[in-house]
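Step one of this worksheet: look at the structure below.
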Amino acid sequence: MTTALITGSTAGIGAAFARRLAAQGHNLVLVARDTKRLGEQATELHDRHGIEAEVLAADLATEEGIAAVEQRLGDRTHPVDLLVNNAGFGNKGRYLEVSMADELTMLKVHIEAVLRLTSAATESMRSRGRGGVINVASVAAFVPRGTYGASKAWVVQFTQGAARDLAGSGVRLMALCPGFVRTEFHQRAGMGTDNIPGWMWLDADKLVAAALADLARGKTVSIPDPRYKALMGVVKLTPRGLLGGVSSRTGRKYGPQ
Ligand SMILES: NC(=O)c1ccc[n+]([C@@H]2O[C@H](COP(=O)([O-])OP(=O)(O)OC[C@H]3O[C@@H](n4cnc5c(N)ncnc54)[C@H](OP(=O)(O)O)[C@@H]3O)[C@@H](O)[C@H]2O)c1
């Protein structure tokens with residue numbers, strides 16, 4: 001039996017990873033901040049699928065939180081075979097409307113935590129000659145979209161580079177780039193979603209199934225939906241100035257708190 005560690009496992013895309021991997025018989029290490037929710041999720045997945053679900057409460061915006069998960073990933077007596085770096089969030093407001101503290105928290109969770117957890121996991125995986133890492137980025141990585149898009153662009157570049165450096169080691173790395181997914185993300189960020197057309201919304205369970213299939217195929221970047229694959233094709237051909245205008249408006253309507 002293999003073990004997967006999922007950050008941000010209690011909601012949205014992370015919860016969809018947890019459901020699917022548990023259904024496939026993987027043991028899980030569930031990471032998020034809300035201890036009560038983690039406990040309930042672990043019990044539910046254990047009861048439904050008969051797997052072992054371990055709970056690790058950690059805030060990845062803090063040094064202690066990152067260190068605790070690093071330590072778990074480095075535990076060679078209980079190896080982790082698949083790491084899903086999924087925890088993330090949006091900030092309410094455009095550039096200069098977001099406080100510097102919030103911008104830096106985003107960099108800590110989206111970049112520092114992803115770098116450190118990927119490194120802790122892959123060191124151990126490389127010594128065993130097998131393992132996988134999925135770093136959840138976004139299609140926002142490919143368009144100008146504030147600190148959020150910039151941090152996700154880092155995730156894509158970093159993951160592709162690390163995947164190349166570890167080629168032949170038995171360790172696979174893949175950046176997952178979803179479009180809009182119905183989760184708690186937009187509500188938590190205080191973002192209105194009325195101006196996002198219905199066809200742009202993805203289902204978290206289908207997204208995760210496609211992502212795991214892409215990892216098995218050896219892809220290093222996954223855009224797991226034909227609509228977004230086509231859209232990203234158009235993005236590549238669109239002038240950056242025009243792209244910045246459209247991207248900065250779409251899905252960034254900030255509703256009342
Ligand atoms: N939804 C979308 O449209 C969309 C599109 C593209 C990419 N993404 C990316 O997908 C990932 C998952 O997003 P989602 O939409 O599933 O969000 P979500 O529904 O809001 O879930 C976020 C999860 O992350 C955890 N989390 C948040 N901050 C954390 C922290 N500081 N430390 C540890 N855990 C933390 C939350 O639990 P606690 O609050 O208990 O910690 C929760 O389990 C993110 O990286 C996001 O950027 C989302």
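Counting convention: from 1, in listed order, for ligands and their atoms alike. No experiment lies behind these values; they were computed from the predicted model shown.
Checked by distance only, ligand 1 and Ser138 stay at 3.5 Å or farther apart across all their nitrogen or oxygen atoms. The shortest N/O to N/O separation between His110 and ligand 1 does not fall below 3.5 Å. Residue Val31 places no N or O, backbone or side chain, under 3.5 Å from any N or O of ligand 1. Considering backbone and side-chain atoms together, Gly14 places no N or O closer than 3.5 Å to any N or O of ligand 1. In terms of N/O distances under 3.5 Å, ligand 1 is not approached by Val109. Polar contact check, Asp34 against ligand 1: a nitrogen or oxygen pair lies under 3.5 Å apart.
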Stepwise, does the salt bridge (Lys or Arg N to Asp or Glu O under 4.0 Å) test hold for Asp205 with Arg20?
CA-CA 8 Å; Asp205 290 301; Arg20 185 155 190 102; over 6 Å; no
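Neither Val171 nor Val114 shares a network with the other; the hydrophobic side chains, linked directly or stepwise wherever heavy atoms of I, L, V, M, F, W or Y lie under 4.5 Å apart, form separate groups for each. Hydrophobic clustering (side-chain heavy atoms under 4.5 Å, transitive across Ile, Leu, Val, Met, Phe, Trp, Tyr) groups Ile196 together with Leu231.
With Tyr148, Phe89, Phe17 as candidates, the residue nearest to atom 47 (O) of ligand 1 on a non-hydrogen basis is Tyr148. Considering only non-hydrogen atoms, atom 35 (C) of ligand 1 lies nearest to Ala87 out of Ala18, Ala57, Ala189, Ala87. Scanning Ile196, Val181, Leu207 for the heavy atom closest to atom 2 (C) of ligand 1 points to Val181. Of all the listed residues (Ala58, Ala141, Gly8), Ala58 holds the heavy atom that lies closest to atom 33 (C) of ligand 1. When the heavy-atom distances from atom 32 (N) of ligand 1 to Val69, Val139, Leu60, Asn85 are ranked, the shortest goes to Leu60.
Arg182 does not count as a contact of ligand 1, since none of its heavy atoms falls under 4.0 Å from the ligand. The closest approach between a heavy atom of Val136 and any atom of ligand 1 is below 4.0 Å. Contact annotation: Arg188 has at least one heavy atom less than 4.0 Å from an atom of ligand 1. Residue contacts with ligand 1 include Lys152, since one of its heavy atoms falls under 4.0 Å from the ligand. Residue Gly179 places a heavy atom less than 4.0 Å from ligand 1.
Distance check, rounded to the nearest 0.5 Å: OG1 of Thr193 to CZ of Phe185 gives 12.0 Å. Between the CG atom of Asp225 and the CG atom of Leu207 there is a distance of 8.5 Å, given to the nearest 0.5 Å. Interatomic distance, OG1 of Thr10 versus CD of Glu40, reported as 10.5 Å (0.5 Å rounding). Atom OG of Ser124 is separated from atom NE2 of His78 by 12.5 Å, given to the nearest 0.5 angstrom.
With a heavy-atom cut-off of 4.0 Å, Ala15 does not touch ligand 1 at all. Here Ala137 has backbone heavy atoms under 4.0 Å from ligand 1, and that is the only part of it that gets that close.
Ranking protein heavy atoms by distance to atom 28 (N) of ligand 1, first place goes to Arg33 NH2, 3.2 Å. Protein heavy atom in closest approach to atom 15 (O) of ligand 1: Thr183 OG1, 2.5 Å. Atom 19 (O) of ligand 1 has its closest protein heavy atom at Glu184 N, 3.0 Å.
For ligand 1 and Ser9, the ligand atoms under 4.0 Å from any heavy atom of the residue are 43 (O). Atoms of ligand 1 found under 4.0 Å from any heavy atom of Phe180 (numbered from 1 in listed order, with element): 3 (O). For ligand 1, the atoms lying closer than 4.0 Å to a non-hydrogen atom of Ile13 are 10 (O), 16 (O), 48 (C). Counting atoms of ligand 1 from 1 in the listed order, those under 4.0 Å from a heavy atom of Ala61 are 31 (N). For ligand 1, the atoms lying closer than 4.0 Å to a non-hydrogen atom of Gly12 are 16 (O), 19 (O).
No side-chain heavy atom of Thr43 sits less than 4.5 Å from a side-chain heavy atom of His46.
Using bins of under 30°, 30° to 60° and over 60° for the plane-to-plane angle, the ring pair Tyr148/His110 lands in the perpendicular bin.
Nearest heavy-atom pair across Ala175 and Thr159 is N-CG2, 3.5 Å. Across all non-hydrogen atoms, the minimal contact from Val221 to Cys177 is CG1-SG, 4.1 Å.
Here the options are Ile6, Val133, Leu21, the test is side chain to side chain contact (heavy atoms under 4.5 Å, CB included), and the partner is Leu82; only Leu21 passes. Under the side chain to side chain contact (heavy atoms under 4.5 Å, CB included) rule, Val84 has a single partner from Val136, Thr7, Leu28, Leu5, which is Val136.
Side-chain contact annotation: Ser222 with Asp214, donor-acceptor N/O pair under 3.5 Å present. Defined by atom type and a distance below 3.5 Å, a donor-acceptor pair is present between the side-chain atoms of Ser127 and Arg76.
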